[in-house]
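To start, the structure itself, in structure tokens.
If you read the sequence from its start, that first residue is 1, and numbering goes on from there.
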Amino acid sequence: MFIWTFIEFTKNGENDGKCIAVQIKNGNSFFNKLKTEAKISIGSHYNYWKNHSLDVYGIVCDYDSNVAYW
């Protein structure tokens, strides 16, 4: 499962026009066996992320322990 979201930044309560794209992933397949390391294999998405008009960040969530890695 993955979720795309966009984050807009503000300065002094005003939108400053800056935005990033974030892809949030969840699931054991993104962790090593001990859940001490998380990885997102972007494979065929590499060019899409690289050429996206926004900076793209990946976040892996472990809902069992309420921890996120980026």
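Contact check for F9 versus I20: side-chain heavy atoms found under the 4.5 Å cut-off. Side-chain contact between V56 and W4 is present, with at least one heavy-atom pair separated by less than 4.5 Å. With a 4.5 Å cut-off on side-chain heavy atoms, N28 and K35 count as touching.
Neither L54 nor I24 shares a network with the other; the hydrophobic side chains, linked directly or stepwise wherever heavy atoms of I, L, V, M, F, W or Y lie under 4.5 Å apart, form separate groups for each.
Relative to the ring axis of Y46, K50 does not place its NZ or CZ within 45° and under 6.0 Å from the centre.
Without hydrogens or angle criteria, D16 side chain to K18 main chain gives a donor-acceptor distance under 3.5 Å.
A distance of 12.5 Å separates CD1 of I59 from CG of N26, quoted to the nearest 0.5 Å. F31 contributes atom CZ, which lies 4.5 Å from atom CG of D62 (distance to the nearest 0.5 angstrom).
Qualifying side chain to side chain donor-acceptor pair (under 3.5 Å) partners for T36, counting only residues two or more places apart in sequence or in other chains: N32. Among residues two or more places apart in sequence or in another chain, the side chain to side chain donor-acceptor pair (under 3.5 Å) test is passed with N15 by E8.
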